[in-house]
2 protein chains.
Amino acid sequence: MQKDDTQSQLEWQLKPDLQKQGQTSKINGINHKGDTETFAVITERPLTLFLNDMELITNMSIGDYPEYLAVGYLFNQHIISDKAQIAAIDHDDDLGVVVVRTHEKLDFQKTQSRKIRTSGCAQGTIFDNIIDEIKGRVIENDGKIYQSWLLDLQKKINLQPSLYLQAGAVHGCVLCKENQPLIYMEDVGRHNAIDKIAGYMLMHDIEPHDKIFYTTGRLTSEMVIKTIMMNIPILVSRSGFTDWGVSLARDAGLTLIGRMRGERFMLLSGEQRMVWDAKTAKD
Amino acid sequence: MQKDDTQSQLEWQLKPDLQKQGQTSKINGINHKGDTETFAVITERPLTLFLNDMELITNMSIGDYPEYLAVGYLFNQHIISDKAQIAAIDHDDDLGVVVVRTHEKLDFQKTQSRKIRTSGCAQGTIFDNIIDEIKGRVIENDGKIYQSWLLDLQKKINLQPSLYLQAGAVHGCVLCKENQPLIYMEDVGRHNAIDKIAGYMLMHDIEPHDKIFYTTGRLTSEMVIKTIMMNIPILVSRSGFTDWGVSLARDAGLTLIGRMRGERFMLLSGEQRMVWDAKTAKD
C-alpha cells in the first residue's frame with residue numbers, strides 16, 4: 001500500500017497530457033459568418049475489452065489509458081477486486097483491443113449469466129448484479145470536506161490545461177485529497193473517465209477513504225454506484241443529479257454534492273462530513 | 001403516410017408534459033449557506049426491453065413514453081424497419097418492462113450473434129453491425145436549413161417549459177420543420193430522447209426528409225448514426241462534436257451543425273443545404 005501523502009506534499013500526480021498523440025485531430029468547419037476555421041476536435045474510437053478469451057464490451061473512448069480503463073471497468077463491475085488477480089494486460093492500439101488476463105478463471109466467466117444494463121448518455125453500462133451488490137454497502141464514516149476546499153478545487157481544476165479547454169466534448173473526473181487535485185482523467189464518456197481513475201487507483205494502491213471525487217458530469221445512478229464501489233466517501237459535481245442517484249448515495253452514507261458553481265452548491269447526502277468553514281456559510 | 005404540414009400550419013405536436021406523473025420527485029438538500037431547500041429532481045428508473053421472449057436491454061429512463069422508446073430503439077438498431085412488423089406493445093409500469101411483439105420471428109432472434117457495443121455518457125448502446133449498416137448509406141440530397149431558422153428554433157425551444165428548466169439533469173431532442181419545433185422529448189440519456197422521437201416518427205408515419213433534428217447533447221458517433229438511420233438530413237446541436245461523429249456525417253452527406261449558441265455555430269458537413277440568409281453571414 002502506497003504511503004499517503006501528507007498535506008504539505010500534496011500535488012498533482014497525473015494531469016491531462018495534451019502532447020499525447022491521437023487524442024485530438026484537426027478539422028475544418030464553417031463558422032456562422034461563412035468563414036472556414038480549423039480547430040481541434042476530440043478523437044473517439046472503439047476499444048474492445050476482453051477478459052481472458054471472452055469479449056466483454058466495446059467502449060468509445062479517447063484511448064489515452066486503455067489499461068487503466070480496462071482494469072477500472074472490471075473493478076467497478078465487481079469482476080475483479082484485487083490487482084493480484086491480474087496476470088497481464090495486453091493492449092493492441094491498431095486493433096483497438098485490450099485484453100486483461102487473470103491467473104484464475106473468474107466466476108463471472110463460469111456463469112456468464114449477468115445481463116448488461118445500460119442507457120444512453122446518463123448511464124453507460126452496468127451488470128444486473130451490481131445493483132444487488134451495492135445494497136447494504138455503507139461507506140466508512142471517515143473523510144471530511146471543508147467548504148473552502150470546494151472553491152480551491154474548482155479553481156485548480158478549471159485552470160488546469162485540459163482536453164476540454166482544448167477541444168471540448170469530453171467529461172472530466174478528478175481524484176482529490178483535501179484541497180488538491182491529484183489525478184485528472186478525461187474521456188468522451190464520464191464513465192470511462194471514472195473507470196480510468198479506478199484502474200489507476202487499483203494499480204497504484206491508492207487509498208480511497210480520504211479522497212474526494214470530482215466530476216463535471218451529472219450524478220446519475222451509475223456514477224454514484226461506481227463511487228461506492230471505489231469506496232470514496234465524497235462525490236462532487238458541478239452538474240445536476242437524479243432522484244435515484246441521491247437515493248443510492250443516502251443509503252450508502254456517501255456525501256453527495258451537486259450543482260457546484262463557484263460558492264454555490266447543493267449538499268444532498270452525508271452532511272456529517274461537511275465542515276462549514278467558508279464565509280458565505282449561514283450568512 | 002401522414003400528409004405533411006404546410007408552412008403556415010406548422011405547430012408543436014408534442015411538448016414536454018410537465019403534469020405527467022413520476023417524471024420528477026421532490027427532495028431536500030442543503031445549499032451553500034447551510035439552509036434546507038426543497039426542489040424537483042429528475043426521476044431515473046430502469047426500463048427493460050423485451051423483443052418477443054428475448055430480453056434485449058435495460059435502459060435508465062424518465063419513463064414517460066416507454067412504447068416510443070422501445071420501438072425507436074429497435075428501429076435505430078435496425079432490428080425493425082416497419083411498423084407493420086409490430087403485432088403489439090405491452091408496457092407494465094410496476095415491473096418496468098416493455099415488450100414489443102412482432103408478427104414474425106426476426107433474424108436478429110434467430111442468430112443472436114450481434115454484440116452489444118456501448119460506452120459511457122457519450123454513446124449508449126449500438127450493435128456491432130450498425131457500423132457496417134451505416135457504411136455506404138447516403139442521406140437523400142433534399143432538405144434546406146436557413147440560417148435564420150437556427151435562431152428561431154433556439155428561441156422557441158429555449159422558451160418552451162421543459163423538464164430541463166424544471167429539474168435539470170436531462171437532455172432534450174427536438175424534431176423540427178423549417179423554423180418550427182414539432183416534437184420535443186427529454187430523457188436522462190440523449191439516446192433515449194432520440195429513440196423516443198424515432199419511435200414516434202415510425203408509429204405516426206412522419207416523413208423525415210424535410211425535417212431538422214435538434215439536440216442539446218454532444219454530436220458523438222452514436223447520435224450521428226441514429227440520425228442517419230432515421231433519414232433526417234440535418235442534425236443540429238448546441239454542444240460539441242467528436243472527430244468520428246463529423247467523419248460519419250460527411251460520409252453520409254448529413255448536414256451537421258455544432259456549438260450553436262445564439263447567432264454562432266459551426267457547420268461541419270453538408271454545406272449544400274445551408275442558406276445564408278441571416279445578417280451576420282459574411283459580415
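A, B, ... follow the sequence lines: proteins, then strands. Residue 1 opens every chain. Below, each value reflects all heavy atoms present in this structure, side chains not excepted, and no hydrogens, waters or symmetry copies.
Contact of A:Arg261 with chain B is not made at all, since no heavy-atom distance falls under 4.5 Å. For chain B, the nearby part of A:Ala167 is the backbone; its heavy atoms alone come within less than 4.5 Å.
Here B:Asn28 contributes atom CG and A:Met266 contributes atom CE; the two are 10.0 Å apart, rounded to the nearest 0.5 Å. One distance of note links CG of B:Leu267 with CD of A:Glu37; it measures 11.5 Å at 0.5 Å rounding.
For the set B:Ile42, B:Ile30, B:Asp195, the entry with the most heavy-atom pairs within less than 4.5 Å of chain A is B:Ile30. Across A:Ile27, A:Leu256, A:Ile62, the residue that shares the most heavy-atom pairs under 4.5 angstrom with chain B is A:Ile27. With chain A as the partner, the residue from B:Gly240, B:Gly29, B:Ser25 showing the most heavy-atom pairs under 4.5 Å is B:Gly29.
Across all their heavy atoms, B:Val41 and A:Phe241 have their closest contact at CG1-CE1, 3.3 Å. For the pair A:Glu44 and B:Ser221, the tightest heavy-atom approach, listed with the atom from each and the gap, is OE2-OG, 2.8 Å. Pairing each heavy atom of A:His32 with each of B:Glu263, the nearest pair is CB-O, 3.1 Å. The minimum heavy-atom distance between B:Thr242 and A:Val188, with the atom names listed, is CG2-CG1, 4.0 Å. Nearest approach of B:Trp244 to A:Met60, heavy atoms of both residues: CZ3-CE, 2.9 Å.
Inter-residue side-chain proximity for B:Phe39 and A:Arg259 is flagged as met; some heavy-atom pair is nearer than 4.5 Å.
Heavy-atom contacts from other residues, nucleotides or ligands closer than 6.0 Å to CD of A:Gln21 number 12 or fewer. Atom CZ of B:Phe75 has more than 12 neighbouring heavy atoms from other residues, nucleotides or ligands inside a 6.0 Å radius.
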